[in-house]
Amino acid sequence: MARRRAMITGVTGQDGSYLAEILLAKGYEVIGLIRRSSTVNFERISHIQDKITLVPFDLLDFYSIVHALREYQPHEVYNLAAQSFVQTSFTQPVLTGETTALGVTRILDAIRVVDPTIRFYQASSSEMFGKVVETPQTEKTPFYPRSPYGVAKVYGHWITVNYRESYGLHATSGILFNHESERRGLEFVTRKITHGVARIKLGLDRTLVLGNLEARRDWGYAPDYVEAMWLMLQQDEPDDYVIATGETHSVREFAELAFAHVGLDYRDYVVQDPRFMRPAEVDLLVGNAAKARARLGWAPRTTFQELVRRMVDADLALLQRQLADPRHR
Ligand code: NAP
Ligand code: F7E
């Protein structure tokens, strides 16, 4: 049988790098779409770079998507690219709308024109639930986004449903709750904490400056979550699925556990600064992934405690390697 081809937008990001790994392991030919930058940004994919085909494109450029689809003829497209940082969406709301919202339409319309049999995955988000109207949140919970990012993701979700219903595309929306890893960007709170803890433990910093410590999130482990994306595209029918652990923890609890893992008390180091507070906050998220469990056979494998410990240990190891490397001195 011919090798299946998968195209991943956002392959240089956290999820894109893990998804590329699992698709390669499943025997796929992987085409990673990347945007041009003046310096190469392949940190997360350098270990698999020679196994995937990297193709330039931009979510803002419709023809670059059409060209990639025509040239590489994928069977599956995973749209993971986005302006994904909620805080930035308040200061760059228009760019966030262009990429995170309209970028989805550009890909869907390119698929409709080039090859409507391509299966499509949209990276939707628990941020769409925002100021939650019920707990826990399911596929049926109404949306109430609280940031330009959340609003853009609601658009991306509904345009995916619309292309499914209008043109019969196999277009699926995965509503993923927060998922983290040692590859998480340094600006997101979990990695900011674990990297900060490692710096403090190694004597490189004395404080960690954070915003709202009471926000609660349903945090899972990214490698567990990318498996769910693939499972969704293997179903006969496209649909919407919530992917979550079903547990919720506060930023304060995350910090407490991360510091405790290296024998420190977070209260001695964490400082709060309004600079990291948001104009409108999402106070509480907790998902119910019963549908994914029943239909996809998916379940999270990593506990909250394992996630925190793994991330702290990885940051300690990373900083120790950097300290030993003269290029980082
Ligand atoms: P990430 O690490 O921030 O990666 C985002 C990716 O999008 C990067 O590869 C980035 O490229 C690319 N990108 C940004 N703007 C682009 C543009 N204009 N054209 C082409 N590519 C562009 O995000 P992630 O955590 O892996 O998340 C993956 C997707 O899932 C995102 O859509 C995110 O919104 C969504 N999501 C994430 C979570 C989560 O908890 N992680 C939960 C729900 C949904 P560069 O490397 O060049 O910047
Ligand atoms: O914030 C609070 C902050 O930036 C989590 C993205 O992947 O998940 C992510 O969005 C919470 C918020 O992630 C700091 O106010 C406190 O309540 O790590 P975050 P997020 O906004 O939940 C969703 C599902 C996505 O889809 C997004 O793409 O932590 N918080 N102090 C802080 N947050 C940050 N970043 N920095 C702080 O210092």
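Atoms within each ligand, like the ligands themselves, are counted from 1 in listed order.
Criterion: ILVMFWY side-chain heavy atoms under 4.5 Å apart, direct or through other members. Under it, L284 and F304 are not part of a common hydrophobic cluster.
For atom 19 (P) of ligand 2, the choice among E127, R217, R278, E281 with the nearest heavy atom turns out to be R278. Among R184, E127, E180, the residue whose heavy atom lies nearest to atom 41 (N) of ligand 1 is R184. Here atom 8 (C) of ligand 1 lies nearest to T12 when heavy atoms of D15, I243, T12 are compared. Of the listed options L208, V189, N178, N178 places a heavy atom closest to atom 13 (O) of ligand 2.
Here the heavy atom of the protein found nearest to atom 38 (C) of ligand 1 is H179 CE1, 3.2 Å. Of the protein's heavy atoms, S84 OG, 2.6 Å lies nearest to atom 3 (O) of ligand 1.
Using a cut-off of 4.0 Å between Lys/Arg side-chain N and Asp/Glu carboxylate O, E253 and R216 are scored as salt-bridged. Salt-bridge annotation for R191 and D315: present, with a side-chain N of the basic residue lying under 4.0 Å from a carboxylate O of the acidic one. Between E21 and R44, no side-chain nitrogen of the basic residue sits less than 4.0 Å from a carboxylate oxygen of the acidic one, so the salt-bridge criterion is not met.
Close approach of ligand 2 to F85 (heavy-atom distance below 4.0 Å) involves ligand atoms 4 (O), 35 (N). Contact atoms of ligand 1 toward N178: 40 (O) (distance under 4.0 Å to a heavy atom of the residue). Distances below 4.0 Å separate heavy atoms of G211 from the following atoms of ligand 2: 14 (C), 16 (C), 31 (N), 38 (O). With ligand atoms numbered from 1 in the order given, ligand 2 contributes 17 (O) to contacts under 4.0 Å with heavy atoms of A215.
Within the 4.0 Å heavy-atom criterion, neither part of Q272 lies near ligand 2. Counting heavy atoms closer than 4.0 Å to ligand 2, residue L210 contributes atoms from both its backbone and its side chain. When non-hydrogen atoms are compared, ligand 2 lies under 4.0 Å from the side chain of V86 (C-beta onward) but not from its backbone. Contacts with ligand 2 closer than 4.0 Å are made by no heavy atom of Q87, backbone or side chain.
You'll find the ring centres of Y144 and F129 outside the 6.0 Å limit.
Not close to ligand 2: M128, with no non-hydrogen atom less than 4.0 angstrom away.
Relative ring orientation between Y225 and W298 is described as perpendicular, the plane-to-plane angle rising above 60° on a 0-90° scale split at 30° and 60°.
Considering backbone and side-chain atoms together, T190 places no N or O closer than 3.5 Å to any N or O of ligand 2.
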